[in-house]
Structure formats: structure tokens, C-alpha cells
Amino acid sequence: MLEGLLKFKKWMTSALNFVLIIVVALLVVDVVWGVFSRHVLGEQTKWTEELARFLLVWVSLLGGAVAFGTKGHLGVDYFVGKFHPETQRLMAIVSHLVVLFFAAAIFVYGGGRVVADALTMEQTTPALGWKMGYVYLALPIAGVFMIIYTIENLVETLVTPVGEGE
Amino acid sequence: MGTVALVLVVVFVLLLVMNVPIAVSIALATFFAILADGSDPTVMVAAKMANGVNSFALLAIPFFILSGHLMGKGGLARRLIDFAATLVGRLPGGLGYVNTLTCMLFGSISGSAAAAVSSVGGFMIPEMNRKGYGREFNVAVTTTAATTGLLIPPSNIMIVYSVAAGSVSIAAMFMAGFLPGLITGLFIMLVGGVISIMKGYKGEALEMPRWKPIAATSVIALMIIQIILSQKGLMDLGFWMLPNGIIWFLIWSVVCCACFKTFRRAYFTLLLIVIVIGGILGGVFTATEAAAIAVVYSYLLSVVIYREIKLKELPQILLDTGITTAVVMLLIGASSGMSWIMTMANIPQTVSAALLGLSENPIIILLTINLLLIVVGTFMDMTPAVLIFTPIFLPVVSQLGMHPVHFGIMMIANLCIGLCTPPVGTCLFIGCGVGKTTIAKVTGTLLPFFGAMIAALMVVTYIPATSLWLPVKTKQLKAEDVQKCDFMNRNADDPVGEAAAP
Amino acid sequence: MNKATSMFVGGILVGAMLATAGFSVYLRGQQARGGRQGQMVLKLGHGLDTGHPVHKAMEFMKQRIEELSGGSVTVDIYPSSVLGSETQCIEQLQNGALAMTKTSAAAMENFIPAMSVYGLPYVFRDSEHYWSVLNGEIGRGMLQQGESKFLRGLCYYDGGSRNFYTKEKPIRTPEDLKGLKIRVMNSKTAMDMVKAMGGAPTPIAWGELYSALAQGTVDGAENNPPSFTSNKHYEVCKHFTLDGHTRIPDMLLISSKVWEKLDPQVQAWVQQAADESSEFQRELWKKETVVALEKAKEEGVEVYEVDTAAFAARVAPMLAEIPNPEVRALLKQISEVK
Ligand code: NA
Ligand code: NA
């Protein structure tokens, strides 16, 4: 059971990483193509700018979720560092719970409603003519990954004996 | 204002103190403030998280991060160090100058200070340790000098500022940062030089072939001719793309390559500066496109030409870029929500009124703002600080008649100091890591360097021309708008006059 | 810090956090129970600066609403995109976070496809035709179109007629446009139009346009005379062609979610003030356009009167091939208005 979960988590992380790598590479190609089309083909391709912005939204939100897994987000550990190790652990647990609330309320619930609104209102994008709801879909997806990674961090904090790690 | 502001500030500060990630603290402070205001926060904050980063200008940030990664691993920093050594290595305390100059050169091809500390410091600090320079001195020089890269274009933080401030031109910000970056670098060299002389650090014994003085004289002669020509109006500073600009550029390249072997080796690295800045000034591409071009260029240089990066390392570099970008972007998305609720609750106006009520004198008000920002900088990283305080302070200084570009440069120069101060300083952390020392040991040595940075900050704050002269010369700002923004003789009632998109 | 003290401080932190969160929930409950004391405030966000005639018209509307309601209702105006871009403000109306916004009909295209009719070239014969359509049955009908998407149109503002202006080469006939890079708004219709006329459409952010023109990234742009002069594009572009290819109106919108909560009396006041502000803005705009063209001439800009029929002929095939049947029908109805 636990082994299956770990396997799934490993698979999920590498899939997410793969998506990030592809999207970052696509971003470069897209913008360079825009410059190329303007200077060499004589006319700027219509959709490069818009596609680039949407890819950036996806990189930011999905990458933001991955960064919870790699503990890449900046925090101020100065004050907490002054606490007794046991309190430090308690504060770490509180912090993970706060992140869980953030991911669930804003990304999954709020993001889900943003997607639903954009889809029912039939909002479209100017150049590509896509449904804006699909662009916003990155919000709830990233939210789910954030929850998974944060639960993992929480479990890790709970099983690590006081005074070690962190 | 009132209760909404109270909720916003209290939640934010409490979460920060509890070591909750800053982006989450900002988003949740916004969440509860909107709740207190009576609207539905879930949809609003979520939409802002996505829309706040839905911007073409911000796209330059991942590109500069990526090209920074490629240059750092691709041996480009080494070439710049060798070049800097030929220029200033012989002076007493030579390696200190070499270090500072390399950081400035590296800054002019990279958008982040952290990249400079790890790339330049990673090589220079061990080298200086070996040559008998004090370990703390080496770390102090590198950390402070690396921040000049945020003032010398290209610079990611300037892009963040442009977005936070609304329609401020990125190209104008880039030009405005040049001189302040040079001034800060010079002040750091000055302090480093004095310390070196006091401690008796020697210069490098570099060989000096007999024809070198002749070559050096011809370079100086060339420079004088060019200055005379530009004074006579035969050539202006926006000359990059003009035919005579290209001819001058070629002459310079040939002469310098002939004179200095190290210049020849660093040539293609230095050429990147010309491509990025020249391309933006010449109207060939926007800042974002320039950044994408920089990626392609540094890829070709480090993977295809220098071959110091293997193709199979590339996915990891792309992934690192994606994650680093996302960390910054999540902050930007969260902050755009925060500035929305602050505006809705009229917080900027209230702070503005309070600050303007403090004194009539722009000198005092700017001093107060600088002091506040230094305090902020000691605890907060640069990006969130810019995102949170730009919408609060910009209306105040606009009232004084300060140009938004000038204010942006001042704010960045100020927060650069914060990057090197304990307890929270990104550059300081990396510097201490690379130099294998501790923050406590370095702090004393850092003090004179802080002095240099504060002196430079004062110059930048109170002499608007340091920021505004070059953008006007390169036609990135209108001379008329800048004259209107001379805050030392304030009377303009609408100094900004930036029109929004129709 | 020893264990007891740090546990105590940590507890205070967590407790204070929970208390503040609870306090904000309590405040929300108060708001929901209609706890607003005294004045009702409608928040209006838009992207123009405070010198713009549309902003002045909104100031006028604010004043009128205060007068009509005896001060019990007011409008807070947030200019210069401080609350977000046009699209973001529209989204905020849809979820009820913002009460009112001004948007160009071009930005509304992405929410209501039929709006694209306003962005098409040579739809209106002249200013009179334009206003009789907008204030007539068609225009009123279009204002109601957004109702199902929580966007209620209150009135139109004059967006003026847009014209080409160039740096080096004057445009006297459509042939002159050939090969010129012209900055357009980021809208498919605008790009298609410039392309149909023979130019190379280049979308560039409005804020970057001055330096793009100065550096020669683009050869020209298109806009109405007041925008041309207020942004000092005359410093760079010395040729202004009065071809009047599009007349894209601005619209004042209110969130249906907010509207439905208003008393019928307040609704009537808001609608009346909006209508009056529309009249006010129309007059102001007329004056500003004359002044702007005078100013441009003073600055040495050549202003060309051209045969617009030649330009219209170029875009005729584009108008004939419009895929959206609703837009095609509207186009026909508009041409029938006298
Ligand atoms: Na830089
Ligand atoms: Na600091």
C-alpha cells in the first residue's frame, strides 16, 4: 500500500517535471518564432504573444505546485528559528496546515469556480479563439498537486523526531 | 481603510513570522481582507493568481533565468574574469577589483544577482582565498558587487517593478539603471581598494608585452575621437543600429581583439550585451524577445561552441528554470491580488496622506521612504518588497513630482542593500555558502561596503539625472516629461501623465 | 528561547491568527446583513487616465448620482487600470467583486461575440449614423446582450473614429499602406483589417508604442486624434490620414449581480446619470477632437483628407466573408438605419 503510494508519487513528479520542461522549451521556441516571423516573414504571427502568456500561466501555477514539493518557496525562518525545537516542529505543522487551506480554498475551490464561470460565460481569447476556461484549468490542477505535496511534507514533519531535519 | 487594512496587515505579519511561504502569506492576507470587505474571496484571489502572471512582459524573467543558468554553467563567467584581470588585475588589491568588475560585467548579461554570486563567486572566492585575501573580505566584495547586476541591465527586478507600477517602460528602466549600477560598483571598488591597501593585498604579476602601451593608447585615442564626434552631434547614444554605429562597433571589436587576448576569448560573451541592449534600443525587439534571443545565443555559445554543457544536462536546466520562475510568479500573482484589495480599501491614499502630512520637504520624505525600505529589506526578499511597496509609495513620490522610472531605480538600489544584510539576504546566504564562512563572521567586514552602497543610494535618490539622463539620451523617455519631474523644485500637479491603453 | 516561553509565544501567534480570521468572517456577516451605514458606494474601475474625456464623464455621472440621490448613493472611481485590465475588470463584474467598469466594445468581443460588429471597418457612414445606431434599437439591444453573462450595459461613450498615422511615408491611398508595419490593438478583427488593406499588422502594448515608433519597430499606428496628441505621437509621426476606418464605442457596464440588489429608485437614478454622462461625454469628445487636430497641425503634422471609399473597397471582401451569422445580420440592420 505505502509502496504503491510512493511509486505513484514518484511517477506523478516525473510526469509533472516532464510537462514543465516541455513548456519552458516551448516558451523559448514560441517567442523566437514571433521575432522570426516579424523580421523574416514580414508579418508578426498573431498567436505567439497570446500563447506565450498562457504557457507562462501554466508554468507558474504547475511549477508553483512542484516548488512546494522541493520546498523551494521563500519564507522568513528567522523568528521561528529562535523557538525551542519542539515548538519549531509545532509551527512547521501549523504552516503546512495553512498551506493546505490555501491550496484547497483558493486553488481547488476558487480556481474550480473561475474555470466554471469562464466556461459558462463562454469567454474566449482574442487571437487563438480558445475558451478562457481551459487556460484557468491550471488553477485547480495545480491546487490538487499542492495538496498532495503538502500532505507529504506534513507526514514527513510528523514522523521526523524532534531536533532533526528542517 | 480601517478594519480591512487591519486584517490585511495582521494576517500577513502573523503568517510571515510563522514561516509560512511568503506567497501563501500574501494570498491569505488578501483572502481574509476581501472577506472582511464583504466580497467572495475564493474566486477573486484565484483569478488574480492566474491573471497576475498573464503578462508578456513578465515572460522575460524565465528567459533571463534560463540564459543565466546556461551562462553560469557554460564557462562564460571564467572568460569575463580573465578579461577583467587584464584591465584591473595589476593594481594593489587587484583581485578585489577583478571580482567587482566581473560581477558588473556578468550583471550586464544576466538578470539576477544570485546568478552572479554563484557563478563569479564560485570561482573568485576560492581563488582569492588561495592568494591570501581575507575570507570575509572576499565574501563581502562578491555579495555586494553582485547586486550591481540588478541595476545594470538586463534586470528581472526592473521587469517586476514595471509591472507593479503599471505602464512604466521596461526599456527606459533598463537604460536608467546603467549609471546607478556603475556608480555603486565604483563606490564598492573604492572601499575595497582602501581596505586592500590597509591590509597590504598585492596586485597580480601579469605579464606586460612591450606593444601593450601602444595598443592601450590607440584604444584611448579611439574613445576620444568617438566622444568628440558624439559631442558634435554626428552620432548619438542610440547609435547601435545606425550604419555608423555598426562601423564603430566593428572598429572597436577589431582593435580590442588585437590588443587583448582575454578580450578575444570573452568576445562572444560580451557581444551578448550588444545584442540584448542594442536590440532593445534599436527597436529590433522588445525586452521579452531580447531575453528569448539571449537564451538562444547563450545556448549556442555554451552547448554548441564552447561545449561546456552537455546536451543531457539540458532538461535539468529547463526544469530548474521552470521551478525558479514559478516561485517568483506565484509571488507576483499573489501580490497582484493584494494590491487589488489595497486599492479597493484606499490604503495607498491613506499612507500617502500620512507621509505627505509628515513634512513639506521632498528630501525628508524620500529619506523616510528610504529608511522604511531599508528596514523592509533586512527582513524581506526583493521581489515581494517591490511588489508590495510600489503601489503604496509610488503615489506619494508622484505627488512630489518624482519620475516613476527614477523611483524604481531608487527602490531597487535600496533593496539591493537588503539582499546583503542579515537576517534575510539571498546574496549573503549564497556568498557565505560559496565562501564557506558564516553570516556572523562576515557582518563586520560588510559594514564599510554597506556604507558604499548607501552613499550610492543617496546619489541616486537626490540627483535624478543619474537615472534619467541616459534614458532621455537614448530616447526611451521624453525630455519634456523628465523636466516636469524635477522633484527638487516641485510644483507640477500631474507629473506622471502616463496614459492608459485606449 | 526555552520550551515554555516559545510554546507560549507560538500559541499566541496561532491564536491571534485564528482570532483575526474569525474577525474577518464576523465582518463579512455584518456586511451581508446590510450593516452598511449611511452611504451606498458603487465602485467603478477603468483603464484610462484622469485627463481622458471618458473619465471626466464618469466624474460628471458620480456628481449627478449624488445629486439625484441626495448623497445616499455615490460612485468611487479607480482609473488607470489600478484594479486590472479591461478583461480583468469585466471578470470582476461577473463575479460581483466590482460594480461598474468601462470597456471598449473590442474587449467585449471575447465575452459577447456579436460585439465584434462594432470593431469592423466602415460599418458607420458618419458620426450621425453612428449615434443613431447606438441610441436606437440596435444599440440598446446590444447593451442588453450581456445580461445572461452578468454584464448589464448602461450607456455608450464616443470612442471617436480611428485613423492611420505614419512616421515617414504619408498614406493617401490604400496602396500607400503596402508593406508598412502598423501597430494595432491585440484584436483579431483589427489585424485582419490592416492586413486586408495591405499593411502588416503588428500588435504592440500601448505603453511601449511611443518608443516603438521612435525606434522604427513599426512604421505607423492607428487611433483617434485625442489619443494621438495626448500621447505625443505627433513628435514622431508627421503624417495623419483622416480615413476613419473604425468607430469603436466605449461602453459603461454594471454587474447584474450588483444591479439586482439595488432598489428600483436607485436603478433609475443610476441609469439617468449614465445617460446624462453619455451626452456630456459626446459634446466633450467633439471639442477634444477639434482641439487635438489643431494641436497636431501646430506641431507640424500633415493632415490628409482622403477618399475613404477606396479604403472601404479594400475591406469589402473581408466584410462579405464574416463567419458569424449574427454579426452578418447586425451589419445588414446597421446599414439600413438612416
Ligand atoms: Na543585469
Ligand atoms: Na536582508
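Here is the naming used below: chain letters follow the sequence lines, and residue numbers restart at 1 for every chain.
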Residue among [options] with most heavy-atom pairs under 4.5 Å to chain B:
options	value
A:A138, A:G81, A:A118, A:G110	A:G110
A:L20, A:V29, A:V31	A:V31
A:V24, A:L56, A:V35, A:L27	A:L56

Practice task
Quick one: pull up CG in B:L314 and CD1 in A:I21 and give me the separation to the nearest 0.5 Å.
Solution key: 9.0 Å
Problem - Distance (rounded to the nearest 0.5 Å) between B:L330 CG and A:L61 CG - result: 7.0 Å
Practice task
Over 60° means perpendicular and under 30° means parallel, so classify the ring planes of A:F101 and B:F31, tilted if in between.
Solution key: perpendicular
Need one label for [X]: side chain, backbone, both or neither, based on atoms under 4.5 Å from any heavy atom in chain B.
X	result
A:F68	side chain
A:V59	both
A:V66	side chain
A:L139	side chain
A:I22	neither
A:F83	neither

Heavy-atom cut-off 4.5 Å, strictly under: side chain, backbone, both or neither for [X] against chain A?
X	result
B:P62	side chain
B:I317	neither
B:F56	both
B:F63	side chain
B:V20	both

For [X] against [Y], the heavy-atom pair lying closest together:
X	Y	value
A:V99	B:P21	CG2-CD, 4.1 Å
B:A46	A:I106	CB-O, 3.3 Å
B:V327	A:A67	CG2-CB, 3.8 Å

Under 4.5 Å, counting heavy-atom pairs only, tell me which of [options] racks up the most with chain A.
options	answer
B:V295, B:L331, B:L59	B:L59
B:V328, B:I323, B:I293	B:I323
B:I332, B:L28, B:L66, B:V296	B:L28

Between chain A and chain B, are any donor-acceptor pairs under 3.5 Å, and how far apart is each one to 0.1 Å?
unit_1 : atom_1 : unit_2 : atom_2 : d
A:R38  : NH1    : B:E289 : OE2    : 3.1
A:R38  : NH2    : B:V284 : O      : 3.0
A:R38  : NH2    : B:E289 : OE1    : 2.8
A:H39  : NE2    : B:V284 : O      : 2.7
A:R53  : NH1    : B:N54  : OD1    : 2.8
A:L74  : O      : B:I22  : N      : 2.8
A:V76  : N      : B:N19  : OD1    : 3.4
A:R113 : NH1    : B:D40  : OD2    : 2.7
A:R113 : NH2    : B:D40  : OD2    : 3.0
A:Y136 : OH     : B:N51  : OD1    : 3.0
A:Y136 : OH     : B:N51  : ND2    : 3.2

